[in-house]
Undergrad: 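Just dropping this structure here.
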Amino acid sequence: MTQPRLTDRAALMHARQRAQAGAGGMADFLHRLAADEIHERLQLVNRKFTDPVVVSGFPGLWSELMPAARQIADEEVLALETASHDLLIHALALHWAEDPVGQLAQARLALRPDGLFLGVAFGGETLCELRDALARAEAEVLGGLSPRVAPMGEIRDLGGLMQRAGFALPVADSLSLTVTYETPFHLMRELRAMGEGNALAARHRAPVPRRLFARAAEEYARAHSLPDGRIRATFELIVLTGWAPDASQPQPLRPGSATARLADALGAVEIGLDEPARPDERD
């Protein structure tokens with residue numbers, strides 16, 4: 001049985017090309033924020049990287065943000081050779097991957113032993129307000145729901161994907177950003193300018209009644225507006241860090257291999273399971 005595809009790749013490429021060719025320019029502030037976060041974290045790593053590579057949906061933009069790195073597109077099969085890089089950055093593209101674990105596993109295999117992976121991915125809280133407004137409006141106007149915003153992983157899930165992909169010492173942490181817009185329509189226009197339109201393979205293909213988006217805008221403003229009348233939109237960026245396994249890295253001890261007792265370290269009295277609890281000592 002063939003598994004349904006997540007992404008309409010042709011639609012995604014069209015959306016990205018349109019964003020870059022737009023008269024007002026691409027809305028790239030989230031990519032620039034991600035790049036700033038990556039640069040800050042690299043400064044904390046006591047190592048000089050000589051063969052970095054960036055995987056993204058916008059290689060041209062990232063060649064400006066990280067000019068010393070090789071740039072490749074986020075294709076289903078990445079243009080990477082085994083053990084060819086000491087640093088790999090995956091930039092805001094994982095939510096469109098058909099196989100996120102496979103994408104991360106390819107990244108790990110492309111790293112030399114003890115090479116560093118740094119990824120920035122959209123988290124599950126991203127556009128939660130828009131999802132809510134669209135779901136309410138679509139249920140009311142069309143009597144059902146269809147996929148309109150790409151699925152994005154929760155921090156625990158993404159951390160688990162790093163482990164499944166074989167990274168050592170995986171860490172995932174989250175950054176939440178709230179952006180305000182004049183109206184929901186201004187947000188939707190900016191999403192198109194980001195190249196983040198609806199490119200889901202299972203999206204509704206028939207023409208959508210105009211009243212659907214008008215109703216969604218009403219719901220959005222009702223539930224998620226600010227005192228000044230503007231609406232808020234949440235973007236969650238999850239930063240993923242992991243290392244290609246190497247013998248020099250710290251290894252967890254085997255269960256039962258401890259050589260000191262916790263009670264001794266804490267200066268406490270150890271009580272066995274079959275011993276009665278001791279009454280508190282009083283002066």
Undergrad: Surrounding CZ of Arg164 (heavy atoms of other residues, nucleotides or ligands, distance under 6.0 Å), is the total greater than 12?
TA: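 Open.
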
Undergrad: Strictly distance-based, threshold 3.5 Å: is any side-chain N or O of Arg232 a donor or acceptor partner for the main-chain N or O of Thr178?
TA: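 Such a contact is absent between Arg232 side chain and Thr178 backbone.
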
Undergrad: For Gly25 versus Ala193, what's the shortest heavy-atom pair and its separation?
TA: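 Closest approach of Gly25 to Ala193, heavy atoms only: O-CB, 4.4 Å.
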
Undergrad: At their closest point, which heavy atom of Phe167 faces which heavy atom of Phe117, and how far apart are they?
TA: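 Smallest heavy-atom distance, with atoms named: CE2-CB, 3.4 Å.
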
Undergrad: Quick test of your reading of the model: are Arg222 and Glu218 salt-bridged, counting only N-O distances below 4.0 Å?
TA: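 No.
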
Undergrad: Can you tell if the side chain of Leu127 reaches within under 4.5 Å of the side chain of Glu196, non-hydrogen atoms only?
TA: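 A side-chain contact under 4.5 Å is absent here.
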
Undergrad: What are the two closest non-hydrogen atoms of Ala216 and Leu134, and how far apart are they?
TA: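 In terms of heavy atoms, the two residues are closest at CB-CD2, 3.9 Å.
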
Undergrad: Go through it in stages, so that I can follow the logic: the residues are His186 and Glu190, the test is side chain to side chain contact (heavy atoms under 4.5 Å, CB included), and I'd like the CA-CA distance, side-chain angles, deciding distance and then a yes or no.
TA: CA-CA 6 Å; His186 287 81; Glu190 180 137 287; over 6 Å; no

Undergrad: Between atom CD1 of Ile89 and atom CG of Leu87, what is the distance when rounded to the nearest 0.5 Å?
TA: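 One finds 4.5 Å between CD1 of Ile89 and CG of Leu87.
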
Undergrad: Could you check whether any side-chain heavy atom of Arg41 comes within less than 4.5 Å of a side-chain heavy atom of Val239, counting everything from C-beta outward?
TA: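 SC-SC contact between Arg41 and Val239 confirmed.
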
Undergrad: Taking Val179 as the starting point, is it possible to reach Met188 by hopping between hydrophobic residues whose side chains are less than 4.5 Å apart?
TA: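 Yes, because Met188 and Val179 connect within a single hydrophobic cluster, where side-chain heavy atoms sit under 4.5 Å apart.
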
Undergrad: Please report the C-alpha distance between Glu236 and Ser174 in whole Å, then the side-chain angles of each, then the deciding distance to 0.1 Å, and finally whether the side-chain hydrogen bond (donor to acceptor under 3.5 Å, both in side chains) criterion is met.
TA: CA-CA 7 Å; Glu236 182 186 22; Ser174 175; 2.7 Å; yes

Undergrad: Around atom CZ of Arg205, are there more than 12 heavy atoms of other residues, nucleotides or ligands at under 6.0 Å?
TA: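 Yes - once you tally the heavy atoms of other residues, nucleotides and ligands closer than 6.0 Å, there are more than 12.
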
Undergrad: Would you compute the distance between atom CG of Leu12 and atom CG of Leu200 and round it to the nearest 0.5 angstrom?
TA: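 Leu12 CG to Leu200 CG: 9.5 Å, rounded to 0.5 Å.
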
Undergrad: Consider only side-chain heavy atoms of I, L, V, M, F, W and Y, link residues closer than 4.5 Å, and tell whether Leu94 and Leu116 are in one cluster.
TA: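 Result: no, two separate clusters.
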
Undergrad: Less than 4.5 Å apart, side chain to side chain, heavy atoms only: is that true for Thr234 and Ser176?
TA: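 They are in side-chain contact.
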
Undergrad: Rounded to the nearest 0.5 Å, what separation is found between the CZ atom of Arg70 and the CG atom of Leu88?
TA: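 These two atoms lie 9.5 Å from each other.
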
Undergrad: I'd like to check Thr180 versus Asp228 (side-chain heavy atoms, cut-off strictly below 4.5 Å). Are they in contact?
TA: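 No, too far: nothing below the 4.5 Å cut-off.
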
Undergrad: Are any side-chain N or O atoms of Thr7 and backbone N or O atoms of Trp96, one a donor and one an acceptor, separated by less than 3.5 Å?
TA: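 Side chain of Thr7 to backbone of Trp96: a pair is present.
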
Undergrad: On a heavy-atom basis, which atom in Ala165 and which in Ala105 lie closest, and how many Å separate them?
TA: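 Heavy-atom minimum between the residues: CB-N, 3.7 Å.
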
Undergrad: Please name the pair of heavy atoms, one in Ile155 and one in Ala172, separated by the smallest distance, quoted to 0.1 Å.
TA: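 For Ile155 and Ala172, the tightest heavy-atom pair comes out as CD1-O, 3.5 Å.
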
Undergrad: Sub-3.5 Å donor-acceptor pair from the side chain of Arg131 to the main-chain atoms of Thr126, do we have one?
TA: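 Yes; at least one donor-acceptor contact below 3.5 Å.
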
Undergrad: For the CG atom of Leu92 and the CE atom of Met194, what is their distance to the nearest 0.5 Å?
TA: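 So the CG of Leu92 and the CE of Met194 are separated by 10.0 Å.
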
Undergrad: Apply side chain to side chain contact (heavy atoms under 4.5 Å, CB included) to Phe49 and Leu42, showing your working.
TA: CA-CA 9 Å; Phe49 297 99; Leu42 288 175; 3.9 Å; yes

Undergrad: In terms of the angle between their ring planes, are Phe122 and His95 parallel, tilted or perpendicular, with boundaries placed at 30° and 60°?
TA: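 Judged by the thresholds at 30° and 60°, the geometry between Phe122 and His95 is perpendicular.
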
Undergrad: Backbone N or O of Trp62 within a donor-acceptor pair of the Gln71 side chain at under 3.5 Å?
TA: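 Yes: the side chain of Gln71 pairs with the backbone of Trp62.
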
Undergrad: Would you confirm whether Gln106, through its side chain, and Leu78, through its main-chain N or O, come within 3.5 Å as a donor-acceptor pair?
TA: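 Yes.
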
Undergrad: Test side chain to side chain contact (heavy atoms under 4.5 Å, CB included) on Leu237 and Glu37; report intermediate values, then the result.
TA: CA-CA 10 Å; Leu237 302 185; Glu37 189 66 29; over 6 Å; no

Undergrad: To the nearest 0.5 Å, tell me how far Glu182 CD sits from Ile231 CD1.
TA: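 If I round to the nearest 0.5 Å, the distance is 10.0 Å.
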
Undergrad: Using the ring of each side chain (for Trp, its six-membered ring), is Phe235 parallel, tilted or perpendicular to Phe29, with breaks at 30° and 60°?
TA: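 If you compare the ring of Phe235 with that of Phe29, the planes turn out perpendicular.
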
Undergrad: Under the rule for salt bridge (Lys or Arg N to Asp or Glu O under 4.0 Å), what residues qualify as partners of Arg5, not counting sequence neighbours?
TA: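 Arg5: salt bridge (Lys or Arg N to Asp or Glu O under 4.0 Å) contacts with Glu76, Glu98.
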
Undergrad: Is there a path from Val45 to Val54 through hydrophobic residues (I, L, V, M, F, W, Y) whose side chains come within less than 4.5 Å of each other?
TA: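 Hydrophobic grouping puts Val45 with Val54.
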
Undergrad: Taking the side chain as C-beta and beyond, is there a heavy-atom pair between Leu240 and Leu161 under 4.5 Å?
TA: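 They are not in side-chain contact.
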
Undergrad: Taking His39 for its side chain and Leu65 for its backbone only, find out whether a donor-acceptor pair lies under 3.5 Å.
TA: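 Such a contact is found between His39 side chain and Leu65 backbone.
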
Undergrad: Report the distance from atom CG of Leu33 to atom CD1 of Ile38, rounding to the nearest 0.5 Å.
TA: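 Separation between the atoms: 10.0 Å.
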
Undergrad: Can Ile72 be reached from Leu111 by stepping across I, L, V, M, F, W or Y side chains whose heavy atoms are under 4.5 Å apart?
TA: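 Yes: a chain of side-chain contacts under 4.5 Å links Leu111 to Ile72.
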
Undergrad: Could you name each residue pair satisfying side chain to side chain donor-acceptor pair (under 3.5 Å) that touches residues 12-25, not counting sequence neighbours?
TA: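 Sorted pair list: Arg16-Asp74.
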
Undergrad: Would you mind reporting whether Ser56 and Leu61 have side-chain heavy atoms less than 4.5 Å apart?
TA: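 Counting from C-beta outward, Leu61 and Ser56 never come under 4.5 Å.
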
Undergrad: Could you tell me whether Asp132 and Arg136 make a salt bridge, using a distance below 4.0 angstrom between a side-chain N and a carboxylate O?
TA: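 Salt bridge present between Asp132 and Arg136.
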
Undergrad: Do the non-hydrogen side-chain atoms of Pro151 and Leu6 ever get within less than 4.5 Å of each other?
TA: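 They are in contact (side-chain heavy atoms under 4.5 Å apart), so the answer is yes.
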
Undergrad: Side chains of Tyr220 and Leu187: does their closest heavy-atom pair fall under 4.5 Å?
TA: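 The answer is yes; the side chains approach within 4.5 Å.
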
Undergrad: Are Tyr181 and Leu177 co-members of a hydrophobic cluster defined by side-chain heavy atoms under 4.5 Å apart?
TA: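 Linked within one cluster.
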
Undergrad: Do NZ/NE/NH1/NH2 and the carboxylate oxygens of Asp86 and Arg47 come within less than 4.0 Å?
TA: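 Arg47 and Asp86: not salt-bridged.
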
Undergrad: Specify the closest pair of heavy atoms between Pro52 and Ala68, including all atoms of both residues, with the distance to one decimal.
TA: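 Taking Pro52 first and Ala68 second, the nearest heavy atoms are CG-O, 3.8 Å.
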
